[in-house]
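Here's the structure we're looking at; comments come further down.
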Amino acid sequence: MLAVLVVGWMLRPRRVVVDGLSMRPALEPGDRLVVGPGRARVGRIVVVDLGGGRPLAVKRVAARVRGAVWVVGDDLAHSTDSRSLGWIARGRIHGVVWWRYGPSDRRGRVAPAPSSDSTAGLPTIPSTIT
């Protein structure tokens with residue numbers, strides 16, 4: 001019975017409010033998201049613990065290797081992400097964004113990954129975990 005309760009708690013969707021500019025234009029400050037379990041595939045938006053006492057962050061998965069992800073913000077000029085922090089252990093991912101439920105005029109699916117033009121200047125992603 002305890003195992004069922006623990007699994008149920010782990011699978012429960014959570015609500016997150018976006019604070020900051022790093023995921024513009026896909027996400028705006030004040031956007032309200034439903035986050036739940038899922039695979040951190042390339043292109044998906046995740047809630048992740050960046051470490052160092054920082055609050056949880058909403059970032060896009062840019063690459064995956066065994067046991068880790070490379071995450072970036074869509075607006076690179078306003079993002080603290082793997083470009084300065086390196087690979088993030090998959091265990092630090094708290095969930096995958098499922099849906100935006102607010103504000104009402106922005107309700108719905110979150111925009112897909114930006115075009116390659118908007119990620120110009122993105123550094124080469126290291127292939128090894130340090």
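What you see is a predicted model; the values in this text were computed from it and never measured. Computed over heavy atoms, backbone and side chain alike; hydrogens, waters and symmetry mates excluded.
- With hydrophobic clusters built from ILVMFWY side chains whose heavy atoms lie under 4.5 angstrom apart, V69 shares a cluster with V96.
- Under the side chain to side chain donor-acceptor pair (under 3.5 Å) criterion, R106 pairs with D31, sequence neighbours left out.
- Residues V18 and L21 do not share a hydrophobic cluster, clusters being chains of Ile/Leu/Val/Met/Phe/Trp/Tyr side chains in contact below 4.5 Å.
- There is a path of hydrophobic side-chain contacts, each under 4.5 Å, that joins L85 to I93.
- Taking the side chain to side chain donor-acceptor pair (under 3.5 Å) definition, one finds that H94 meets it with nothing, sequence neighbours left out.
- In this structure, K59 contributes its side chain and T80 its backbone to a donor-acceptor pair below 3.5 Å.
- Using a 4.5 Å cut-off on side-chain heavy atoms (C-beta onward), V35 and R15 make no contact.
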* To do: Begin from the C-alpha positions of V71 and S82 and carry the test side-chain contact (heavy atoms from CB on, under 4.5 Å) through to its verdict.
  => CA-CA 5 Å; V71 295; S82 289; 3.6 Å; yes

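- Between the CZ atom of R64 and the CH2 atom of W87 there is a distance of 10.5 Å, given to the nearest 0.5 Å.
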Would you list the atom pairs, donor with acceptor, under 3.5 Å between side chains in residues 36-51 and any protein atom, with sequence neighbours excluded?
unit_1	atom_1	unit_2	atom_2	d
R44	NH1	R39	O	3.0
D49	OD1	G51	N	2.8

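- Within the structure, salt bridge (charged side-chain N to carboxylate O under 4.0 Å, His left out) contacts touching residues 88-99 (residues at least two apart or in different chains) do not occur.
- For the pair W70 and V61, the minimum side-chain heavy-atom distance is 4.5 Å or more.
- The shortest heavy-atom contact between R107 and Y101 is NE-O, 3.2 Å.
- Evaluation of the side chain to side chain donor-acceptor pair (under 3.5 Å) rule for D81 yields S79, R83 as partners, not counting sequence neighbours.
- Cluster annotation: V110 and L56 are assigned to the same hydrophobic cluster (Ile/Leu/Val/Met/Phe/Trp/Tyr, side-chain heavy-atom contacts under 4.5 Å, transitive).
- Within the structure, the salt bridge (charged side-chain N to carboxylate O under 4.0 Å, His left out) test picks out the following pairs touching residues 16-28 (sequence neighbours left out): R24-E28.
- The two residues V34 and P13 come nearest to each other via the heavy atoms CG1-CB, 3.8 Å.
- Among all heavy-atom pairs drawn from G30 and P103, the shortest one is O-CD, 4.2 Å.
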* Full working for side-chain contact (heavy atoms from CB on, under 4.5 Å) between L33 and W99 -> CA-CA 6 Å; L33 311 172; W99 188 259; over 6 Å; no

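- Shown here for V58 and M23, the closest heavy-atom pair between the two residues is O-CG, 3.2 Å.
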